[in-house]
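Please read the structure below before turning to the comments.
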Amino acid sequence: MVLNREGPILVEGPVEVVGDDGTTARSDRFVVAICTCRRSRAYPWCDTSHRRRRDPAGPSGAPPPRDRRPQDGEEESRP
């Protein structure tokens with residue numbers, strides 16, 4: 001299992017997830033991305049919705065410097 005700070009939990013498959021309401025979702029894929037932001041339209045599976053919903057100002061509220069290199073898991077900003 002791999003935990004990403006700003007993304008999904010990656011789990012080696014096959015995987016079975018039981019929801020709060022008792023429903024079961026199953027995937028036979030080699031690696032499964034489980035959504036942690038609850039924005040996915042394919043919940044409990046990640047559809048990368050967390051990428052589109054990030055605050056462009058960042059957690060501090062200030063925009064990131066233009067000459068800064070993206071960190072792991074971060075998208076590169078485009079002018």
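Fair warning: this is a prediction, and the values are worked out from it, not measured in the lab.
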I'd like to check the salt bridge (charged side-chain N to carboxylate O under 4.0 Å, His left out) partners of Asp28; sequence neighbours left out, ordered by chain and number.
Arg26
In this structure, would Tyr43 and Leu3 fall into the same cluster of hydrophobic residues linked by side-chain contacts under 4.5 Å?
no
Using a 4.5 Å side-chain heavy-atom cut-off and chaining through intermediate ILVMFWY residues, the residues clustered with Val2 come out as Leu10, Phe30, Val31
Rounded at 0.5 Å granularity, tell me how far SG in Cys46 sits from CZ in Arg51.
7.5 Å
Closest approach of Ser49 to Arg39 (non-hydrogen atoms, all atoms of both residues)
OG-O, 3.5 Å
Quick one: side-chain contact (heavy atoms from CB on, under 4.5 Å) partners of Thr24, sequence neighbours excluded?
Glu16, Val18
Are more than 12 heavy atoms, taken from residues, nucleotides or ligands other than Asp20, located less than 6.0 Å from that residue's CG atom?
no
Checking the side chain of Ser40 only, and the main-chain atoms of Trp45 only, is there a donor and an acceptor separated by less than 3.5 Å?
yes
